[in-house]
Amino acid sequence: MIWHPLVWAFWVASATGGLLYATGAVQAVDVMLNWTPAHADIDQLRRERHAETAVLLGRWALGCLTAAAFLGLVGIAGVWHRLVPGAMCGTGVLQAMGTDGSRAMIFWGLTLLILFGWRVLDGMDSHHPQGVLTQPIARVMLSAAPFFGLAVFFSWQALMRVENVPPVSCCAAVYDQVLTGASESTVIKTLVPICLGFNLVGSAALMALAVSAIRSPGRTSGVIMTIIAILWGIAALVAVKQVWSAYYYQVLSHPCPWCLFLPDYHGVGFIIFGCMAAVLMESITLWIAEHTRCRYPVLTDPAGKRIRRSAWRIAITVMVFTLLTAGPAIAWRLRTGVWLNGSP
């Protein structure tokens with residue numbers, strides 16, 4: 001394992017968050033199995049104390065684990081490539097980590113997504129004195145445990161692989177894929193315009209739905225918003241990799257999203273992909289709030305406020321994403337009179 005200071009910071013944040021989460025999860029087990037709000041005996045009072053402790057520890061754990069995930073992303077995207085022979089960006093670091101690196105990122109994302117949903121439920125439930133969501137909150141909190149365990153396991157495996165790794169090809173592998181991908185050129189030429197079009201249309205649809213949710217929270221479909229956000233995220237990922245990134249690199253045939261995180265491009269990848277993650281998380285939040293609003297009428301007001309807040313965040317992040325992706329392309333077109341691929 002590489003003993004870089006950022007690796008130490010990553011493991012300290014992970015261990016701290018894991019300890020807080022494990023302690024809170026122990027309290028949540030009792031709440032999930034034995035919660036009886038109709039009783040007021042000593043055991044129920046103890047479970048109420050456990051519920052409050054679990055929520056408090058869970059909030060701190062979420063903060064620590066979010067910091068750990070961000071430190072890991074910073075390491076992969078902009079720091080650890082200096083320690084890997086032949087690496088120039090995150091592509092080379094992930095090559096050195098093997099499949100464990102990608103798996104770690106996936107499970108870290110799922111862990112944070114579940115805990116973020118848990119925090120949304122906790123925020124709405126805190127507005128009602130009876131705590132009607134106490135038991136569901138405990139179940140959601142505990143459901144993150146296997147994903148967090150796998151995230152830590154694959155992170156350890158990935159970082160162990162980095163030490164004494166043979167030289168990697170990094171972005172040379174990207175060029176090799178472009179040069180040897182003649183058989184796939186027809187599929188790519190068909191897929192990219194479709195994804196680019198849905199990226200633009202999906203942005204407009206998300207903006208329209210967000211405005212509708214702000215004006216009338218009760219009429220917004222969280223399920224539709226979430227489905228569109230997921231499809232938009234997939235299309236946006238392809239569009240950023242194949243189209244929008246070229247206007248930052250100012251060269252074609254370099255579909256490497258990790259280079260956008262480098263200081264040479266002002267770390268714009270953190271904002272672009274952060275916007276994509278924020279749209280997905282807030283759309284899921286909107287669906288959770290809508291479901292809570294329908295199932296628990298006593299939480300109508302806090303759920304409605306959460307829907308509006310999520311809608312505002314979706315609208316803002318979609319605008320920022322569009323500005324940072326389509327903006328450079330439009331600027332290039334206005335300056336040169338053609339798009340980067342030569343089309344007028």
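Following chains of ILVMFWY side-chain contacts shorter than 4.5 Å, one cannot reach Val132 starting from Met32, and the two form parts of different hydrophobic clusters.
Checked by atom type and distance alone, the side chain of Ser102 never pairs as donor or acceptor with a backbone atom of Thr99 at under 3.5 Å. In this structure, Ser143 contributes its side chain and Val140 its backbone to a donor-acceptor pair below 3.5 Å. Side chain of His266 to backbone of Val268: no donor-acceptor contact under 3.5 angstrom is found. Under the 3.5 Å distance criterion, the side-chain polar atoms of Ser216 are left unmatched by any main-chain donor or acceptor of Ser212. With hydrogens and angles ignored, the 3.5 Å screen pairs a side-chain donor or acceptor of Arg308 with a backbone N or O of Ile214. Side-chain N or O atoms of Thr16 include none that pairs as donor or acceptor with a backbone N or O of Ala13 at under 3.5 Å. Within the 3.5 Å criterion, the main-chain N or O of Leu65 finds no donor-acceptor partner in the side chain of Tyr21.
Taking the side chain as every heavy atom from C-beta outward, Ser245 and His254 never approach each other to under 4.5 Å. Taking 4.5 Å as the limit, every side-chain heavy atom of His81 sits out of range of all side-chain heavy atoms of Trp258. Two residues are said to be in side-chain contact when any heavy atoms from C-beta on lie closer than 4.5 Å; Val240 and Phe321 meet this criterion. By the 4.5 Å heavy-atom criterion applied to side chains, Tyr296 and Met124 are not counted as neighbours. At least one side-chain heavy atom of Cys64 sits under 4.5 Å from a side-chain heavy atom of Leu20. By the 4.5 Å heavy-atom criterion applied to side chains, Leu62 and Leu112 are counted as neighbours. You'll find the side chain of Tyr249 reaches within 4.5 Å of the side chain of Leu260, heavy atoms only. Put simply, the side chain of His127 does not reach to within 4.5 Å of the side chain of Asp301, judged on heavy atoms.
Scanning both residues, Thr91 and Cys256, for their nearest heavy atoms gives OG1-SG, 3.2 Å. When every heavy atom of Ala96 is checked against every heavy atom of Val84, the shortest pair comes out as CB-CG1, 3.8 Å. Here the closest heavy-atom approach between residue Ala51 and residue Thr134 is recorded as CB-CG2, 3.8 Å. When all heavy atoms of Gly58 and Met141 are compared, the pair lying nearest together is CA-CE, 3.9 Å. Contact record, Arg306 with Ala289: CB-CB, 4.2 Å, taken as the closest heavy-atom pair. Contact record, Ala54 with Gln27: CB-CB, 4.0 Å, taken as the closest heavy-atom pair.
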CA sep, side-chain torsions, deciding dist, call: Ser283, Trp287, side-chain contact (heavy atoms from CB on, under 4.5 Å): CA-CA 6 Å; Ser283 65; Trp287 170 71; over 6 Å; no
Run the side-chain contact (heavy atoms from CB on, under 4.5 Å) test on Thr23 and Trp60 for me, step by step, so that the C-alpha distance in whole Å, both residues' side-chain angles and the decisive distance to 0.1 Å come before the verdict. CA-CA 11 Å; Thr23 307; Trp60 283 99; over 6 Å; no
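The ring-ring contact (aromatic ring centres under 6.0 Å, His included) test with Phe261 is passed by exactly one of Trp80, Tyr248, Phe273: Phe273. The side-chain contact (heavy atoms from CB on, under 4.5 Å) test with His50 singles out one residue from Val29, Asn34, Val31, and that residue is Val31.
The environment of Leu33 atom CG is dense: over 12 non-hydrogen atoms of other residues, nucleotides or ligands sit within 6.0 angstrom. For Trp339, the CH2 atom sits in a packed shell: over 12 heavy atoms of surrounding residues, nucleotides or ligands are nearer than 6.0 Å. The 12-atom threshold is not exceeded at CD1 of Ile224, counting heavy atoms of other residues, nucleotides or ligands nearer than 6.0 Å. Within 6.0 Å of CZ on Arg139 lie more than 12 heavy atoms contributed by other residues, nucleotides or ligands. More than 12 heavy-atom neighbours from other residues, nucleotides or ligands sit within 6.0 angstrom of CH2 on Trp35. The neighbour count for Arg46 CZ, taken as heavy atoms of other residues, nucleotides or ligands under 6.0 Å away, is above 12.
There is a side-chain donor-acceptor pair under 3.5 Å between Gln44 and Thr36.
Applying the salt bridge (charged side-chain N to carboxylate O under 4.0 Å, His left out) test to every pair with at least one member in residues 48-67, sequence neighbours left out, gives these pairs: Arg59-Asp122. Annotation: salt bridge (charged side-chain N to carboxylate O under 4.0 Å, His left out) contacts involving residues 77-92, sequence neighbours excluded, are absent.
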Name the atoms and distances for all side-chain donor-acceptor pairs under 3.5 Å in residues 195-207, with sequence neighbours left out.
from, atom 1, to, atom 2, distance (Å)
Asn199, OD1, Trp244, NE1, 3.0
Ser203, OG, Asn199, O, 2.8
Ser203, OG, Trp232, NE1, 2.9

Side chains of residues 104-111: which donor-acceptor partners sit under 3.5 Å, not counting sequence neighbours?
from, atom 1, to, atom 2, distance (Å)
Trp108, NE1, Ser155, OG, 2.9
Thr111, OG1, Phe107, O, 2.7
Thr111, OG1, Phe147, O, 3.3
Thr111, OG1, Phe148, N, 3.2

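Atoms OG and CD, from Ser310 and Glu290 in turn, are 11.5 Å apart once rounded to the nearest 0.5 Å. Atom CE in Met97 sits 12.5 Å away from atom CE in Met160 (nearest 0.5 Å). To the nearest 0.5 Å, the span separating CE on Met281 from OG1 on Thr317 amounts to 11.5 Å. Here the SG-CD1 distance, from Cys275 to Ile316, works out to 10.5 Å after rounding to the nearest 0.5 Å. Note that CG of Leu299 is 11.0 Å distant from CZ of Arg293, once rounded to the nearest 0.5 Å. Taken to the nearest 0.5 Å, the CD1 atom of Ile307 stands 10.5 Å off from the OG1 atom of Thr285.
In terms of the salt bridge (Lys or Arg N to Asp or Glu O under 4.0 Å) criterion, residue partners of Arg313 (sequence neighbours excluded) are, by chain and number, Glu282. Residues passing the salt bridge (Lys or Arg N to Asp or Glu O under 4.0 Å) test with Asp264: none are found, sequence neighbours excluded.
No close placement of the Phe153 and Trp156 rings is indicated, their centers lying 6.0 Å or farther apart.
Phe270 and Phe70 have tilted rings, their planes meeting at an angle from 30° to 60° on a 0 to 90° scale.
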